[in-house]
Asker: 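Quick one: structure below, then a few questions.
Any value given below was found using the heavy atoms of this structure, including those in side chains, with hydrogens, waters and symmetry copies removed. Count residues from 1 along the sequence.
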Amino acid sequence: MYNAVILAGGKTPWLQKAVGTNIRALAPLGGRRMVEYIIDALDQSGMIDRIIVAADSSQWEAAVLPQRAELVPVAAKTMPETAAAAAAVLPQTERILFVCDDIPLLTAAAVQDFLRQAESTVADAYYPIIPEADCEMAFPGARRTYVTLPEGRFTGGNLLLIEASAITTGLAKAEDIFARRKKPWELCGWLGFGFVLKFLLHRLTLSAVEQRVSQLLEFTGKAVISHYPEIGMDVDKEADWQLLEQYFKNSK
């Protein structure tokens, strides 16, 4: 059994006009709030003990969470800070599953598959990547960002399983990455231009990525190939929201 933390501090300004709230987790979709779908998937997986929703409590005063989940007030401003604050209330000797707040299509099977694959290898942190073919088959027309490696083209998922003891170690580095995420050349400098050159030439292997990230973050990381594209279907753009709205309409 694992403890799970839903990082529910995300705000998306354009959602305010569309659905009356800029808090992604509380945005209504298909008759329910996004966070409720995520809680259900975690609960139904049968592999989760505590489900924590980490958020600014002042924004959630009127929100009633399902009994299965508990709200942990967090005043942090960034996702890494939110993760560290939420982890502080959990045992520091266990792995914690972090889940982004904007993947309402998450399923129990996807959670089970990711966790069971992680259990078969030894590392401090595990991150899912999804093959492009799986995403295109499940959600044709959805625009995702893919990385080309010799092993194939992948997009990232929105889960992270990590040893609690590694969170403090990697927080400063994670903050650095978070700050550079929209500054490609700074990020390239941080990664090393030799590393980036191999990537541009499509010579960068998955194992090389794992090794470099592990060196920079000072703990061992492992990519988990998931064939559940719903863990990559997040809400970054209005087009993503419209696609999900259509999905829920069609599923009724």
Asker: Is there a donor-acceptor contact under 3.5 Å from the side chain of Tyr228 to the main chain of Phe114?
Answerer: no
Asker: Does the side-chain contact (heavy atoms from CB on, under 4.5 Å) test come out yes or no for Leu97 and Leu160, once each step is laid out?
Answerer: CA-CA 6 Å; Leu97 177 65; Leu160 174 68; over 6 Å; no
Asker: Do Ile129 and Val224 have side-chain heavy atoms sitting under 4.5 Å apart?
Answerer: no
Asker: Roughly how far apart are Leu26 CG and Asp101 CG, rounded to 0.5 Å?
Answerer: 9.0 Å
Asker: State, with a plain yes or no, whether a side-chain heavy atom of Phe154 is found less than 4.5 Å away from one of Thr148.
Answerer: no
Asker: Tell me if a side-chain donor or acceptor on Glu163 pairs with a main-chain N or O of Ala125 at a distance below 3.5 Å.
Answerer: no
Asker: Would you give the length of the straight line joining atom CD of Gln44 to atom CZ of Arg68, rounded to the nearest 0.5 angstrom?
Answerer: 10.5 Å
Asker: Short question: side chain of Thr21, backbone of Ile23 - any donor-acceptor pair under 3.5 Å?
Answerer: yes
Asker: Drop me the distance from His227's NE2 to Ile130's CD1, to the nearest 0.5 angstrom.
Answerer: 10.5 Å
Asker: One pair to check against salt bridge (charged side-chain N to carboxylate O under 4.0 Å, His left out): Arg144 and Asp240. What are the steps and the verdict?
Answerer: CA-CA 10 Å; Arg144 301 290 98 186; Asp240 300 330; 2.8 Å; yes
Asker: Given 3.5 Å as the limit, does a donor-acceptor pair link the side chain of Asn3 with the main chain of Asp49, or not?
Answerer: no
Asker: Could you check whether any side-chain N or O of Asn250 sits under 3.5 Å from a backbone N or O of Gln246, counting only pairs where one atom can act as donor and the other as acceptor?
Answerer: yes
Asker: Taking side chain as C-beta onward, heavy atoms only, is Ile6 less than 4.5 Å from Ile39?
Answerer: yes
Asker: Looking at Ala87 and Ile96, what are the two nearest heavy atoms and their distance?
Answerer: CB-CD1, 3.7 Å
Asker: Indicate the atoms forming the closest heavy-atom contact of Met34 with Val235, along with that distance.
Answerer: SD-CG2, 4.1 Å
Asker: Do Leu115 and Ile48 come close enough that some side-chain heavy atom pair is under 4.5 Å?
Answerer: yes
Asker: If you take all heavy atoms of Pro128 and Ser226, which pair is closest and at what distance?
Answerer: CB-CB, 4.4 Å
Asker: Would you say Ser165 and Gln92 make side-chain contact, with heavy atoms under 4.5 Å?
Answerer: no
Asker: Are Trp241 and Thr12 side-chain neighbours, meaning at least one heavy-atom pair lies under 4.5 Å?
Answerer: no
Asker: Looking only at side-chain N and O atoms, does Thr107 offer a donor or acceptor that is under 3.5 Å from a partner on Glu230?
Answerer: yes
Asker: Less than 4.0 angstrom from a charged side-chain N to a carboxylate O is my criterion; do Arg32 and Asp40 meet it?
Answerer: yes
Asker: For the backbone of Thr155 and the side chain of Glu132, can you confirm whether one donor and one acceptor N or O come within less than 3.5 Å of each other?
Answerer: no
Asker: Write down the atom of Ala142, the atom of Leu243, and the distance for their closest heavy-atom approach.
Answerer: CB-CD1, 3.7 Å
Asker: Do Arg50 and Tyr2 have side-chain atoms, one donor and one acceptor, less than 3.5 Å apart?
Answerer: no
Asker: For Tyr37 and Phe248, take the angle between the two ring planes, folded into 0 to 90°, and tell me which bin it lands in: parallel under 30, tilted 30 to 60, perpendicular over 60.
Answerer: tilted
Asker: For residues Pro229 and Cys135, report the shortest heavy-atom separation together with the two atoms involved.
Answerer: CB-CA, 3.8 Å
Asker: Does the pair Arg116 and Glu119 meet the rule for a salt bridge (charged side-chain N to carboxylate O under 4.0 Å, His left out), with working shown?
Answerer: CA-CA 5 Å; Arg116 285 171 179 161; Glu119 289 172 353; 5.7 Å; no
Asker: Under the side-chain contact (heavy atoms from CB on, under 4.5 Å) criterion, do Leu42 and Val111 qualify, and how do the steps go?
Answerer: CA-CA 7 Å; Leu42 294 172; Val111 175; 4.1 Å; yes
Asker: For Glu36 and Pro66, which heavy atoms make the closest approach, and how far apart are they?
Answerer: CG-CG, 4.3 Å
Asker: Check whether any side-chain N or O of Gln16 sits under 3.5 Å from a backbone N or O of Gly20 as a donor-acceptor pair, and report yes or no.
Answerer: yes
Asker: Kindly compute the distance separating CG (Leu7) from CD1 (Ile52), expressed to the nearest 0.5 Å.
Answerer: 11.0 Å
Asker: Go through the steps to decide whether Leu106 and Val99 satisfy the test side-chain contact (heavy atoms from CB on, under 4.5 Å), and finish with yes or no.
Answerer: CA-CA 10 Å; Leu106 182 67; Val99 186; 4.2 Å; yes
Asker: Donor-acceptor pair, Asp124 side chain versus Thr220 backbone, under 3.5 Å?
Answerer: yes
Asker: When you compare the side chain of Pro104 with that of Leu244, does any pair of heavy atoms fall below 4.5 Å?
Answerer: yes
Asker: More than 12 heavy atoms of other residues, nucleotides or ligands under 6.0 Å from CZ of Arg143: yes or no?
Answerer: no
Asker: Go through the steps to decide whether Asp234 and Arg24 satisfy the test salt bridge (charged side-chain N to carboxylate O under 4.0 Å, His left out), and finish with yes or no.
Answerer: CA-CA 10 Å; Asp234 53 13; Arg24 286 199 303 264; over 6 Å; no
Asker: Does Arg95 form a side-chain contact (heavy atoms from CB on, under 4.5 Å) with Tyr126? I'd like the steps, not just the answer.
Answerer: CA-CA 10 Å; Arg95 292 176 177 176; Tyr126 305 83; 2.9 Å; yes
Asker: Given 3.5 Å as the limit, does a donor-acceptor pair link the side chain of Glu210 with the main chain of Lys222, or not?
Answerer: no
Asker: Output the distance between atom CZ (Arg153) and atom OG1 (Thr145), rounded to the nearest 0.5 Å.
Answerer: 10.0 Å
Asker: Do the ring centers of Phe98 and Tyr127 come within less than 6.0 Å of each other?
Answerer: no
Asker: Could you tell me if the side chain of Val53 sits less than 4.5 Å from the side chain of Val72, heavy atoms only?
Answerer: no
Asker: Going only through I, L, V, M, F, W and Y residues with side-chain contacts under 4.5 Å, is there a path from Met137 to Ile231?
Answerer: no
